[in-house]
Amino acid sequence: MRIGELAKRTGASERSLRYYEAQGLLSPSRTPAGYRIYAESDVDVVRHVQTLLAAGLNTAFIKEVLPCMVDTGEGLAPGCPELLPHLQKERARITMSIDGLATARTLLDGVISATPPDNTEYEAWVARRTG
DNA sequence: TTTCTAACA
DNA sequence: TGTTAGGA
């Protein structure tokens, strides 16, 4: 099938499909004219890529683990035991990310709720722009 | 009409 | 990632 059909069947944009290929996640064959030809199995590959991306993994990581992932019918499962440590490491990375954002939010909350010493500056600013 | 590559307001 | 130009 060509890119348009794969896009329709997976919900991925054609742009994304070309991007996945550039990242080594897909390797469609080509017609003499250069059009990409995808295998039926690529539909599942794209779905797996989508769920892994949604899980916060980057394409480089996905490229490595994709061959080891197995479709359970429900979702994906690690097909190779040696995959677990890597997946757990990714989970830890996401946790660090969440912690960093939580800290940023706390700091911002502090700024938002802080009471200014006086409003002189602000009032002068408002007066200036409202004329 | 569909797809391709390359490049960016 | 979207979008667009200019071709095939």
Side-chain angles (χ1 to χ4, degrees):
Chain A
M1 77 192 86
R2 290 185 305 192
I3 197 170
E5 186 183 341
L6 183 59
K8 185 174 303 180
R9 289 173 57 177
T10 60
S13 64
E14 298 181 7
R15 177 75 154 82
S16 295
L17 261 16
R18 295 189 186 102
Y19 176 69
Y20 295 164
E21 178 183 1
Q23 299 307 299
L25 271 25
L26 289 173
S27 38
S29 54
R30 300 278 186 142
T31 67
Y35 288 12
R36 274 165 268 250
I37 296 298
Y38 298 91
E40 196 62 32
S41 58
D42 285 333
V43 173
D44 287 314
V45 173
V46 173
R47 292 199 172 118
H48 293 170
V49 169
Q50 291 176 315
T51 95
L52 260 16
L53 283 174
L57 307 181
N58 54 247
T59 54
F61 185 87
I62 295 174
K63 181 181 178 182
E64 300 307 310
V65 306
L66 202 50
C68 277
M69 298 300 276
V70 53
D71 198 327
T72 65
E74 291 298 290
L76 283 182
C80 320
E82 66 270 30
L83 219 57
L84 273 343
H86 296 141
L87 294 174
Q88 288 164 341
K89 184 183 161 198
E90 283 303 304
R91 187 185 192 288
R93 189 178 56 70
I94 291 173
T95 298
M96 293 298 285
S97 202
I98 291 172
D99 292 347
L101 287 171
T103 297
R105 182 177 56 184
T106 297
L107 292 171
L108 185 55
D109 282 344
V111 173
I112 291 173
S113 61
T115 304
D118 65 67
N119 288 319
T120 309
E121 288 291 313
Y122 178 69
E123 284 162 6
W125 178 74
V126 171
R128 233 177 295 117
R129 55 184 343 252
T130 55

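Chain letters run A, B, ... following the sequence lines, proteins first, then strands; residues in each count from 1.
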- Grab the two heavy atoms, one from Glu14(A) and one from Ala7(A), that are nearest each other, plus how far apart they are. CG-CB, 3.9 Å
- Quick one: which of Arg36(A), Met1(A), Arg18(A) gives a side-chain contact (heavy atoms from CB on, under 4.5 Å) with Pro28(A)? Arg36(A)
- Expressed in angstrom and rounded to an integer, what is the separation of Tyr19(A) atom OH from dA7(B) atom C1'? 17 Å
- Message: Under 4.0 Å from OP1 or OP2 of dC4(B): is there any side-chain N or O of Arg18(A) that close?
- Response: yes
- Complementary nucleotide of dA5(C), counting Watson-Crick and G-U pairs under 3.5 Å: dT5(B)
- Let me know the distance between CD of Gln23(A) and P of dT1(C), rounded to the nearest Å. 11 Å
- Query: Would you say a side-chain N or O of Arg30(A) is under 4.0 Å from OP1 or OP2 of dT5(B)?
  - Reply: yes
- Query: Given atom CD of Glu14(A) and atom P of dT1(C), what is their separation to the nearest angstrom?
  - Reply: 14 Å
- When the distance from CZ of Arg15(A) to P of dC8(B) is rounded to whole Å, what number comes out? 13 Å
- Message: Rounded to whole Å, please give me the gap between CG in Leu17(A) and C1' in dG2(C).
- Response: 15 Å
- Query: Is there a donor and acceptor pair, one atom on the side chain of Arg36(A) and one on the base of dT3(B), closer than 3.5 Å?
  - Reply: no
- Message: Between Arg2(A) and Thr31(A), is there a side-chain heavy-atom distance shorter than 4.5 Å?
- Response: no
- Message: Given dT5(B), dT3(C), dT2(B), identify the nucleotide with an atom nearest to the side chain of Tyr35(A).
- Response: dT2(B)
- Tell me: CD of Glu21(A) to C1' of dT3(B), nearest whole Å? 13 Å
- Note: Arg9(A)-Glu40(A) ion pair, threshold 4.0 Å (strictly below): yes
- Note on the structure: To the nearest angstrom, the NZ-P distance between Lys8(A) and dT1(B) comes to 13 Å
